[in-house]
Every structure is written in structure tokens, then in C-alpha cells.
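Everything quoted here is computed from the prediction, not taken from an experiment. Note that ligands are numbered from 1 as they come in the structure, with each ligand's atoms numbered from 1 the same way. We number each residue from 1, following the sequence as shown.
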Amino acid sequence: MSFASQTKKELTGTVGKKCCKRAELSALIRLNGSLNGPPNRLVLDVTTENAAIARRIYTLLKEVSGVPAEVLVRKKMRLKKNNIYMVRVSRGAAAVLEGLGIGWDGAGLRSEVPDALLQQDCCRRAYMRGAFLAAGSVNNPEGSSYHLEITFHDLPHCRGFLRLMEGYDLGGRVIERKKGYVVYLKEGEKIVEFLNLIGAHQALLRFEDVRILKGMRNQVNRLVNCETANLNKTIQAAVRQIENIRLLERTIGLENLPPKLREVAELRLRHPEINLQELGAMLGGGVTKSGVNHRLRKLDEWARRVRESRS
Ligand SMILES: [Zn+2]
């Protein structure tokens, strides 16, 4: 089951107050509903490919509107083999829509976000939950990018929803696609906040687990890169030191260097890979890191003078 399906499954199990049920149902019908039949015998069909959501719509309709509904199942023959579930209200459809703040005309359901139903925080969250259940999707956080989106049929409804989200500082963006107007979130933090608001707490925890793990992985990678950079510097320094020592060996001979410099030069040639601390430990009597550094710089200085005298 995809992360999105799991999230939706969890959401269809949430319990709410009657006011919230009305708000959630309003969003579900506004986004997944369609009107059929003549004006005096309107039939409302609410369609979904998700059985749990169909059950949710059916239950909410019964609890909120008290109208009889039926559930029809159709097999989608081509494309995917998913069933299509249709919750149908054949009697009292107009009253149901009015009660949910949904308007309509000859072209279908038309209305903005029903502000009158969303006076309370709990109901605004429920409306967002209904919209996500009806037309939302969220990427698996393990994937390459974080993404949550909800598709709206028309711009006014989409704008109204965006305003609703802005009330929670979610800062969604809109993009127009073939299927409609898509509100989306890209930031992991905002997606977590949205999941929290609509009551998808299990999904939220899974999302956060992955996000923390990813953050840790990035941090480890950064550290590794940092160590490699330091290592490279050490290697570069050793290479330069050895070049200088070889030059001194060829020109004046290591035996003609002061004894302390000769000792460190010979050790460096034999152990090009070790760091200054290790080098210091191998020197007679033990020399500190800065002591070794001092001697190596002296060697550099000798080499520089040799180069200057030759040019
Ligand atoms: Zn409420």
C-alpha cells in the first residue's frame, strides 16, 4: 500500500464531532460529487476508487443528512483493475447539498469553500481532511522529494482552500494542470504540519522518522566530506614535505643537515602517510605536534634557499 493510501486509510478511521462531519462531507462531495437527472429529480453521485472512503462518505451522509444512500460498485475494465465505488443519493439530493453549503448550476457543483460551515478550528481542519481524502495525494517521504497535493476543479474553490491553508501558515502554492488546479506543499515541515492538522498522526510519525533519518544521513555525509577534505590537506602537506626533502637529499645531502632536521627528514621519507603527531612520537625523546611542524618548516625553508640559489 502506498504512503498516500495508508494515510487515507488512517484518515477514514478518525472520529469527529457532528460539526466536523458536516465540514468533511462537504469537501468530499464538493470534490468527488456530480449531479445527474432533471432539476426536479436530482441524483447526487459521489465517486471514489477507495473502498474505505466510499464507506466514509456513506456513513457521513447517513449521520449528517439522514438521507438514504446506496453504494454501487463498478469494475473499471481497462487501465487499472481498480473498482469504482459510487455513493448515490436519489432522493433529497438538493437538500443535502444545501445543508453542506454546496451550490450548483447546469454545469455541475459550483461553490467556494463554505465559510459558514467553517467557523470553528475543528471544522476547518475537517474540511481540509475531506479535501485530501477526495482529491489529495502525498509522496512517500523516502522518495527523492517531499510533495503533497490536492486537485480542485475550479479556481475559486482552489483559491478559497488556499486561504484556508494560509490561516494555518502552510503557505501552499498553486499550479494549473490538465486535471485542474493543484494546491501543493513541498516543504517537509509544512507537510508534517498539514498531516497533523487533518489528524493523520500515524502518517505524520512515519514521515518524521524518515525525515530525521534523512537529516542524519546528510549530516554524516557532510562529516565524511569534511574529514576527506582534512585528509587531503594532510596528504598535500606530506607530498610537499617529501618533495622538499628529496631536493635536499639530491643537493646538499641529508647528512649535512642539522641532526634534528636530518632525523625528521629521514623519518618523513620512510613514513609519508603518518600525521605530525605520529611523526613526533617516533622522534628521539618524543616531540610535540608543533615541535614537528617547526622542524618541517625549517626543512621547507632550507629547500626554498636551495631553489633560490639554483635559479
Ligand atoms: Zn467541528
Side-chain angles (χ1 to χ4, degrees), residues 4 6-33 44 46 48 50 52-69 87 89 92-104 109-138 148-154 156-172 183 185 189-205 207:
Q6 266 177 323
T7 305
K8 289 188 177 185
K9 186 149 192 241
E10 185 193 351
L11 288 173
T12 57
T14 55
V15 282
K17 296 184 277 183
K18 183 138 190 193
C19 57
C20 304
K21 288 176 179 167
R22 178 172 288 121
E24 184 183 321
L25 182 63
S26 176
L28 277 161
I29 292 182
R30 176 69 174 85
L31 287 166
N32 282 358
L44 172 66
V46 194
T48 173
N50 185 315
I53 295 178
R55 206 175 308 123
R56 179 84 164 177
I57 295 167
Y58 178 84
T59 311
L60 289 176
L61 264 171
K62 207 162 69 177
E63 289 176 4
V64 171
S65 306
V67 295
V87 183
V89 178
V96 168
L97 291 175
E98 275 161 25
L100 296 175
I102 302 173
W104 70 92
L109 303 178
R110 297 230 165 270
S111 54
E112 288 203 32
V113 169
D115 291 325
L117 293 185
L118 310 183
Q119 293 302 305
Q120 298 185 73
D121 168 62
C122 58
C123 301
R124 287 192 284 272
R125 291 165 173 229
Y127 194 84
M128 292 197 288
R129 175 166 61 242
F132 180 80
L133 279 172
S137 176
V138 58
L148 182 145
E149 66 173 46
I150 302 174
T151 306
F152 296 83
H153 307 300
D154 55 277
H157 191 211
C158 172
R159 287 220 181 99
F161 194 84
L162 208 59
R163 263 202 314 278
L164 197 62
M165 283 172 77
E166 271 163 17
Y168 293 98
D169 208 18
L170 290 164
V183 171
L185 297 174
E189 212 173 299
K190 301 291 181 187
I191 292 173
V192 164
E193 183 56 25
F194 185 83
L195 293 175
N196 180 36
L197 287 167
I198 65 176
H201 300 118
Q202 296 293 328
L204 177 164
L205 290 175
F207 199 98

**Q** Between Lys8 (side chain) and Gly136 (backbone), is there a donor-acceptor pair under 3.5 Å?
**A** yes
**Q** What's within reach of the Zn ion (ligand 1), meaning protein N/O/S atoms under 2.8 Å?
**A** Cys19 SG, Cys20 SG, Cys122 SG, Cys123 SG
**Q** Any donor-acceptor pair under 3.5 Å linking the side chain of Arg22 with the backbone of Leu117?
**A** no
**Q** Identify whether the distance between the nearest side-chain nitrogen and carboxylate oxygen of Glu166 and Arg159 falls below 4.0 Å.
**A** no
**Q** Should we say atom CD of Glu189 is surrounded by more than 12 heavy atoms from elsewhere, each under 6.0 Å from it?
**A** no
**Q** Which atom pairs, one a donor and one an acceptor, fall under 3.5 Å between side chains of residues 192-204 and the rest of the protein, sequence neighbours left out?
**A**
from	atom 1	to	atom 2	distance (Å)
Asn196	OD1	His201	NE2	3.4

**Q** Has the side chain of Thr48 got a donor or acceptor atom that lies under 3.5 Å from a matching backbone atom of Asn50?
**A** yes
